[in-house]
Amino acid sequence: MQDILFLLLLVVVGIISGFLNVMAGGGSAISLPLLIFFGLDSPLANGTNRLAIFIQTIASILSFKQEKFFEFKTSLKLAAFALPGAVAGAILAVKIDSVLFQRVLAIFIFAILLTVIIPGRKQSAPGRPPYRPTDG
């Protein structure tokens, strides 16, 4: 019975964090601590969470493309610039000690929480036309 409740909780948290990741990002602030709380080693929990994010990303790309809200060339350029940092960060996350990983994770989750709680200033660009997808 406890295993069923555990799996149901993971499904619910997966849905919530997936929705947050697609809409605004930061869903890992919910799913990753839960995986660690349920006993996964920090690097294993992080890897498990990354797999879920990869699947969410593929689903998001397909959904945005289907809704014609997708600029492939722009996305490719931005991804090319982000890729070296993502690879370096992944290597670093795997190499650091589990306790240090948890401390760094706590700091980042706290920072994410602050950005959610403290409202940012809304910035508008006067005279700028609304976004319209051009390619894809």
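Each residue takes its place number in the sequence, starting with 1.
Qualifying ring pair (Phe, Tyr, Trp, His ring centres under 6.0 Å) partners for Phe19, counting only residues two or more places apart in sequence or in other chains: none. Phe64 is linked by a ring pair (Phe, Tyr, Trp, His ring centres under 6.0 Å) to nothing, counting only residues two or more places apart in sequence or in another chain. Partners of Val99 by side chain to side chain contact (heavy atoms under 4.5 Å, CB included), not counting sequence neighbours, listed by chain and number: Asp97, Arg103. Under the side chain to side chain contact (heavy atoms under 4.5 Å, CB included) criterion, Leu83 pairs with Val87, sequence neighbours left out. Annotation: side chain to side chain contact (heavy atoms under 4.5 Å, CB included) contacts of Leu76 (sequence neighbours excluded): Phe72. For Ser28, the side chain to side chain donor-acceptor pair (under 3.5 Å) partners are Asn49, not counting sequence neighbours. Remark: Val12 engages Ile16 in a side chain to side chain contact (heavy atoms under 4.5 Å, CB included) (not counting sequence neighbours).
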Throw together a table of side-chain donor-acceptor distances under 3.5 angstrom for residues 52-62, partners on residues two or more places apart or in other chains.
from: Gln56; atom 1: OE1; to: Asn21; atom 2: ND2; distance (Å): 2.8
from: Thr57; atom 1: OG1; to: Ile53; atom 2: O; distance (Å): 2.8
from: Ser60; atom 1: OG; to: Gln56; atom 2: O; distance (Å): 2.8

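Note that NZ of Lys77 and CD of Glu71 are 9.5 Å apart. Values are rounded to the nearest 0.5 Å. Taken to the nearest 0.5 Å, the CD atom of Gln102 stands 12.5 Å off from the CD1 atom of Ile107.
Other cluster members for Leu8: Ile4, joined by side-chain heavy-atom distances under 4.5 Å among Ile, Leu, Val, Met, Phe, Trp and Tyr. Using a 4.5 Å cut-off between side-chain heavy atoms of Ile, Leu, Val, Met, Phe, Trp and Tyr, Ile36 falls into a hydrophobic cluster with Leu32, Leu92, Ile96, Leu100, Phe101, Val104, Leu105, Phe108, Ile109. By the 4.5 Å side-chain criterion applied to Ile, Leu, Val, Met, Phe, Trp and Tyr, Ile15 is assigned to a cluster that also includes Val11.
Among residue pairs with one or both ends in residues 33-52, those qualifying as ring pair (Phe, Tyr, Trp, His ring centres under 6.0 Å) are Phe6-Phe38; sequence neighbours excluded.
The side-chain heavy atoms of Leu34 and Leu9, taken from C-beta on, include a pair separated by under 4.5 Å.
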